[in-house]
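Scroll down for the structure; my scribbles are underneath it.
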Amino acid sequence: MRCKDTKIRGLKFNSTVKIPMKQQVTHVYLVPGMAADVSIFEYIKLPETQFICHMIPWKIPGRKESIEDYAKRMCAEIKHDNCVLIGVSFGGIMVQEMCKFVDVKKIIIISSVKSRYELPKRIKIARKTKAYKLLPTSIVSRIENWEKLAFGDFAKKRAAMYQRYLSINDKTYLDWAIEKMVCWDQEEPPAGLIHIHGEKDIVFPISNIKDCIIVDKGTHVMIVNRARWFNKHLPEIINDNLH
């Protein structure tokens with residue numbers, strides 16, 4: 001089944017938005033991808049009569065801090081019950097951890113995974129061999145201009161985008177976040193979770209993903225370059241117009 005540029009794996013999607021006449025405002029909390037600034041959501045514009053969006057930035061973790069304790073700290077930013085949590089990539093993993101400590105209306109993950117079984121083979125190998133510990137994360141903080149490392153127009157545009165949005169270059173954070181993603185142990189996703197995934201995501205290939213809304217030609221960074229799709233469909237998804 002297709003809804004213009006969208007198809008569904010394991011879900012049906014109604015492209016007609018039906019908004020109740022009387023509706024309370026829904027508070028939506030958004031968590032960006034690993035090392036990304038909340039500015040990745042700058043093009044997401046939901047109807048202000050229905051939604052109030054709040055951005056939750058990353059915090060610097062303690063070196064030995066558990067993902068559960070970190071999730072509790074992130075939850076300190078949440079001031080409303082029955083809210084919606086939306087997380088991108090590693091942020092999608094984080095909101096699944098956060099929902100254990102707060103009352104939520106819905107959890108939506110984008111360009112992410114719902115369990116350790118959806119992680120790609122290379123990440124599973126990195127976990128088994130502990131190769132992730134060898135990544136030179138200290139180099140990232142010394143790269144002042146990513147564009148100098150890119151060749152070709154397309155590569156330079158992508159490098160410029162990464163330089164703009166990947167603002168968290170603290171080595172402690174990067175080492176911690178990579179380890180928590182690689183070693184994530186979740187077996188089953190939270191009940192009612194909605195997963196939106198790009199057909200051309202190369203970080204988390206669609207071949208490993210089940211039960212999701214698939215965005216045709218969507219990449220891992222589609223929250224930025226496919227914002228129109230999200231602005232069109234997120235209100236419907238949040239308002240439970242899936243049948």
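Throughout, numbering of the chain's residues begins at 1 and tracks the sequence. It should be emphasised that the depicted structure is a prediction, and the values quoted were computed from it without experimental measurement.
Here the side chain of W176 pairs no donor or acceptor atom with the backbone of S66 at under 3.5 angstrom. Checking side-chain atoms of E199 against main-chain N and O of G218 turns up no donor-acceptor pair under 3.5 Å. Looking at Y70, its side chain does come within 3.5 Å of a backbone N or O of K59 through a donor-acceptor pair. Formation of a donor-acceptor pair under 3.5 Å by the N231 side chain with backbone atoms of K45 is found in this model. Side-chain N or O atoms of K114 include none that pairs as donor or acceptor with a backbone N or O of I109 at under 3.5 Å.
Note that CD of E118 and OG of S115 are 5.0 Å apart. Values are rounded to the nearest 0.5 Å. Distance check, rounded to the nearest 0.5 Å: OG1 of T219 to NE2 of H197 gives 10.0 Å. With rounding to the nearest 0.5 angstrom, the CD1 atom of I44 is 7.0 Å from the CD1 atom of I110. Rounding to the nearest 0.5 Å gives a distance of 6.5 Å between NZ of K130 and SG of C183. Distance check, rounded to the nearest 0.5 Å: NZ of K79 to NE2 of H54 gives 11.0 Å. Rounding to the nearest 0.5 Å places NE2 of H195 at 7.0 Å from OG of S111.
I125 and I178 fall into different hydrophobic clusters, where Ile, Leu, Val, Met, Phe, Trp and Tyr are joined by side-chain heavy atoms under 4.5 Å apart, directly or via other members. In this structure, L30 is a member of the same hydrophobic cluster as Y43, with clusters built from ILVMFWY side-chain heavy atoms closer than 4.5 Å.
Looking only at atom types and distance, the side chain of E187 has a donor-acceptor partner in the side chain of Y117 under 3.5 Å away.
Side-chain contact check for V84 versus V104: every heavy-atom pair is 4.5 Å or farther apart. Under the 4.5 Å side-chain criterion, counting only non-hydrogen atoms from C-beta, V28 is in contact with I238. Counting only heavy atoms from C-beta outward, the side chains of N208 and P205 approach each other to under 4.5 Å. Side chains of I108 and L234 form a contact here, defined as non-hydrogen atoms less than 4.5 Å apart. Proximity of H233 to R228: side-chain heavy atoms (C-beta onward) are nowhere separated by under 4.5 Å. Contact check for F41 versus C53: no side-chain heavy atoms found under the 4.5 Å cut-off. Looking only at side-chain heavy atoms (C-beta outward), Y29 and M55 stay at 4.5 Å or farther from each other. The shortest side-chain heavy-atom distance between Q24 and Q50 does not fall under the 4.5 Å cut-off.
Closest approach of H220 to S89, counting heavy atoms only: NE2-OG, 2.9 Å. Of all non-hydrogen atoms in I67 and K180, the two that sit nearest each other are CD1-CB, 4.1 Å. Scanning all heavy atoms of the two residues, the minimum distance from L119 to M181 falls at CD1-O, 3.9 Å. Taking each heavy atom of I209 and F204 in turn, the nearest pair found is CG1-O, 4.4 Å. Residues I40 and G33 share a closest heavy-atom pair of CD1-N, 3.8 Å. T172 and P61 make their closest contact through CG2-O, 3.5 Å (heavy atoms, listed as atom of the first residue, atom of the second, distance).
For W184 and F90, the gap between ring centers reaches or exceeds 6.0 Å.
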- [ ] Could you check R116 against E188 for salt bridge (charged side-chain N to carboxylate O under 4.0 Å, His left out), going step by step and ending with a plain yes or no?
- [x] CA-CA 9 Å; R116 63 186 181 92; E188 295 290 338; over 6 Å; no
Task: Chi angles and distances behind the side chain to side chain contact (heavy atoms under 4.5 Å, CB included) call for T26, K105 - done: CA-CA 9 Å; T26 297; K105 173 182 179 181; 3.6 Å; yes
Open item on the list: Please evaluate residues S112 and V95 with respect to the criterion side chain to side chain contact (heavy atoms under 4.5 Å, CB included), reporting the C-alpha separation (whole Å), side-chain torsions for both, the decisive distance (0.1 Å), and the verdict.
Closed with: CA-CA 11 Å; S112 189; V95 297; over 6 Å; no
Open item on the list: Show, in sequence, the C-alpha distance, side-chain angles and deciding distance for F230 and I196, and conclude whether the side chain to side chain contact (heavy atoms under 4.5 Å, CB included) test is met.
Closed with: CA-CA 10 Å; F230 289 97; I196 305 173; 3.9 Å; yes
- [ ] Begin with the C-alpha distance, continue with both residues' side-chain angles, and end with the deciding distance and a verdict on side chain to side chain contact (heavy atoms under 4.5 Å, CB included) for I206 and I214.
- [x] CA-CA 8 Å; I206 192 66; I214 302 176; 4.1 Å; yes
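A salt bridge does not link R73 to D69: none of the charged side-chain nitrogens sits closer than 4.0 Å to a carboxylate oxygen. Salt bridge R127/D185: present, at least one basic N to carboxylate O contact under 4.0 Å.
Within a 6.0 Å radius of CZ in R63, other residues, nucleotides and ligands contribute 12 heavy atoms or fewer.
The only option from Q96, M98, K106 that meets the side chain to side chain contact (heavy atoms under 4.5 Å, CB included) definition with L85 turns out to be M98.
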